[in-house]
Amino acid sequence: MDVSHLLDPLNDAQRQAVTSPLAPTLVLAGAGSGKTRVLTHRVAWLVQVENVPPGGILAVTFTNKAAGEMRGRIEAQLDLPSAPLWVGTFHGIAHRLLRLHWREAGLPQSFHIIDAEDQQRLVKKIIRGMELDESRWVPREMAWFINAQKDEGLRPRHLQDEGDLDRRQRIRIYEAYEDACHRSGLVDFAELLLRSYELWKEVPGLVEHYRNRFAHTLVDEFQDTNTIQYAWMKALVGSSSLPFVVGDDDQSIYRWRGARVENLQQFRRDFPGVQLHRLEQNYRSTGTILAAANAIIANNSGRIGKKLWTSDERGEPIRLYRAYNERDEAEFVVNRVRNWVTRGGKRSDAAILYRSNAQSRVFEEYLLAARVPYRVYGGLRFFERAEIKDALGYMRLIANRDDDASFERVVNLPTRGIGARTLELLRAHARANSCSLWQAGVACASGLSARAASCLNAFLDLINRLEQDVLDLPLHEQVDHVIQASGLAAHHKKDRGDRGEARLENLEELVSAARGFEPDDDSMTPLAAFLSHAVLESGEGQAEEWEDCVQMMTLHSAKGLEFPLVFLCGMEDGLFPHQRSIADVQGLEEERRLCYVGATRAMRQLFVTYAEQRRMHGVDSYGAPSRFIAEIPPELLEEVRPRVQVSRPAYQPWRGRAQARPTAVQGRSAATQRFTDDAPGSLRLGQHVRHEKFGSGVVINIEGQGSNARIQVNFERQGTKWLMMGYAKLDVVQN
DNA sequence: CGTGGGCGGATTTTT
DNA sequence: TCCGCCCACG
């Protein structure tokens with residue numbers, strides 16, 4: 001068979017990896033080195049050259065997006081439907097296994113998946129049920145604890161209190177949580193993985209069956225696997241199936257949620273004779289950007305080792321901007337974006353990256369003021385919105401009356417006279433009889449006041465009736481009917497204004513989502529399949545109209561993306577690297593990897609900015625420039641400094657000795673200092689000025705324009721004052 | 001049962 | 001500073 005179409009588009013290293021002999025294989029794939037291409041071509045190679053039937057291949061990723069992309073590219077590559085291949089996320093595949101083997105897994109056939117929010121609510125409910133102090137046993141932290149145990153493969157019975165009373169209590173909460181999940185048939189995300197791992201371990205013959213079926217297991221982003229995912233893969237692969245894993249230890253940024261970079265090294269130990277390939281040629285960035293990224297990451301210890309190179313030109317230097325404060329930083333970035341657009345660039349080619357979400361606000365304000373369209377990634381996603389979860393709550397209750405979380409969610413939404421008193425009674429009854437709230441409702445209807453009883457009965461009847469109404473309807477009509485008949489639609493319609501309207505639109509969008517939904521698993525009802533889909537696939541991009549806009553996101557969410565123009569903002573010690581990660585080496589190295597990820601997002605031009613002063617949580621703080629800046633070789637950097645210039649002739653530059661500010665990069669002065677045209681030609685924030693009466697100070701705010709503008713100056717001796725531009729006699733201090 | 005004010009807490013995020 | 005949560009009040 002002619003395989004030239006398969007191999008021609010590959011470079012040497014990629015070709016080596018794709019055609020790797022049938023042995024355990026590890027591909028170290030640097031940023032932008034064509035990792036996905038290698039994975040998809042490997043699948044095609046296995047099918048077309050090694051004659052592996054597509055059904056014998058399992059490909060695992062972390063995100064639905066990556067899974068979708070891989071599936072699409074495999075289909076294009078093979079030119080046949082990829083249905084027989086199992087391509088999915090760890091969670092999606094675990095889910096599929098549990099649906100197929102629910103009995104062996106000890107789950108009810110109708111088990112439901114709960115998302116992180118549901119989980120936290122449930123944990124909170126349990127803590128309350130145990131009459132524990134919620135400020136001491138913080139639900140969020142307890143949920144975290146439970147997930148961390150599950151990620152390590154640990155059940156309560158595996159845990160010892162070690163004589164520690166706190167720990168003992170945490171284990172009890174974990175136990176109580178497990179009981180509750182069991183009673184209601186609920187499965188959280190970590191449980192999907194752990195349960196399917198236990199399936200391998202405890203059901204005789206099952207893992208052998210899958211081992212035989214999947215002769216090849218491919219794993220993407222291997223550096224992100226946690227303990228249980230690694231153990232799961234290892235158990236599946238056994239000694240007869242062949243693993244092909246791709247990852248980059250330098251891009252491991254999820255240690256804090258259980259990811260183990262060590263799994264890469266562990267893989268080499270666990271599978272002797274591993275074929276190791278390195279993809280080091282980068283097709284994304286300029287030489288300068290790569291040199292900087294390489295230099296930064298070289299400061300980490302214990303790397304497997306890898307050095308990116310490119311045949312691309314050196315390109316522009318990395319530009320460093322030292323802002324006076326976060327507003328100045330935002331203004332600079334916005335000006336640069338406008339500049340880019342003026343010169344014909346697309347807004348969507350520009351990305352503003354930052355360490356934490358809170359930083360987006362200032363950028364948003366300035367982009368808004370400059371009327372530059374933007375999009376912030378990382379808000380609530382479609383299926384996480386309250387109104388959507390309410391509607392799904394009804395659907396879930398229809399599918400499973402014992403789903404307490406959904407019961408509580410919708411029992412009084414819209415309000416129908418079932419208040420806290422009634423609910424407390426039901427909870428007590430449910431607790432006493434170890435039954436669900438629904439069962440408690442059926443049982444205690446008589447023990448309530450006539451009024452409460454009739455309200456409650458009306459609700460029980462409503463749910464029963466909805467189930468009947470919906471029985472023979474196609475999925476989207478089921479959803480529509482429930483939204484209407486439950487009163488949810490009317491409830492939001494009452495709320496005049498943007499918010500209610502937006503919620504109604506989202507509910508309509510839910511109906512469309514249901515209309516477009518294609519179940520991929522016929523062991524479930526379409527409704528059950530849709531509900532699982534809604535939890536596992538949180539709906540990124542749902543109902544998002546696409547416009548050419550500036551992209552804003554955290555460094556974490558930028559992983560895997562690329563942009564011609566990138567701004568790495570807020571590069572200050574304490575913010576990035578984050579204060580909470582600075583103390584230990586591991587934490588700091590992860591921050592450094594994050595910096596590496598950020599830098600390697602840039603294709604043509606990288607800007608690095610930091611603010612000398614930053615207002616956070618209402619307090620001003622003064623951070624030193626990020627230590628990562630100093631790790632960039634100075635010859636790659638060019639410091640951008642605003643031209644110190646006054647727009648109005650009224651301001652006479654003060655002819656004193658220039659106040660030298662410390663150079664941006666500590667201990668280095670090689671960064672080329674050049675005055676550029678960034679200042680809009682007026683007094684800028686951070687400008688040192690002198691007033692004949694108040695003395696010297698610093699401009700900290702500017703409002704308005706022209707002679708009507710007001711400026712706020714922080715005077716050394718007099719404190720802050722607002723001054724009218726037109727009247728104040730200010731001298732600019734050259735600095 | 002719904003709202004407003006006081007309080008505490010405030011990396012990073014997918015599934 | 002700002003957001004979300006809880007409780008007290010109308």
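Residue numbers begin at 1 in each chain, while the letters A, B, ... track the order of the sequences. These numbers were taken from a predicted model, which means no experiment stands behind them.
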What's [X] touching, base or sugar-phosphate or nothing? Going by heavy atoms closer than 4.0 Å.
X        : result
A:Arg140 : sugar-phosphate
A:Lys124 : sugar-phosphate
A:Asn64  : sugar-phosphate
A:Ser557 : sugar-phosphate
A:Arg96  : nothing
A:Asn412 : sugar-phosphate

At less than 4.0 Å, is any side-chain N or O atom of [X] found next to OP1 or OP2 of [N]? Yes or no.
X        : N      : answer
A:Asn357 : B:dT13 : yes
A:Thr415 : B:dG2  : yes
A:Arg257 : B:dT15 : no
A:Arg580 : B:dT11 : yes

| remark: What residues 111-119 of chain A contributes to the DNA chain B interface at heavy-atom separation below 4.0 Å is A:Ala116
| query | Stacking here means centres under 5.5 Å and planes under 30°; does A:His578 stack on B:dT11? | reply | yes
| Taking the six-membered ring for Trp, does A:Tyr254 stack with B:dT14 (centroid gap under 5.5 Å, planes within less than 30°)? | no
| request: Write down the distance separating the C1' atoms in C:dC3 and B:dT14, rounded off to the nearest Å. | output: 23 Å
| If you measure from the P atom in B:dT13 to the same atom in C:dG4, how many Å do you get, rounded? | 16 Å
| message | Are A:His556 and A:Tyr254, when compared by the centres of their aromatic rings, separated by less than 6.0 Å? | response | yes
| request: In plain terms, say whether A:Arg614 and A:Asp620 are close enough for a salt bridge, that is, a side-chain N and a carboxylate O under 4.0 Å apart. | output: no
| said: Between the side chains of A:Asp249 and A:Arg593, is the shortest nitrogen-to-carboxylate-oxygen separation below 4.0 Å, so that they form an ion pair? | reply: no
| message | When you measure from the side chain of A:Glu384 to the backbone of A:Arg381, do you find a donor-acceptor pair of N or O atoms at a distance under 3.5 Å? | response | yes
| said: Heavy-atom count check: over 12 atoms from other residues, nucleotides or ligands less than 6.0 Å from A:Glu424 CD? | reply: yes
| field | Covered region of DNA chain C, 5' end to 3' end, by chain A [heavy atoms, under 4.0 Å] | value | C:dT1 to C:dC6
| message | Closest-nucleotide mapping onto DNA chain B: is A:Ile418 or A:Leu536 further toward the 5' terminus? I mean the 5' end. | response | A:Ile418
| request: Select one nucleotide: of B:dT14, B:dT13, B:dC1, the one nearest the side-chain heavy atoms of A:Thr554. | output: B:dT13
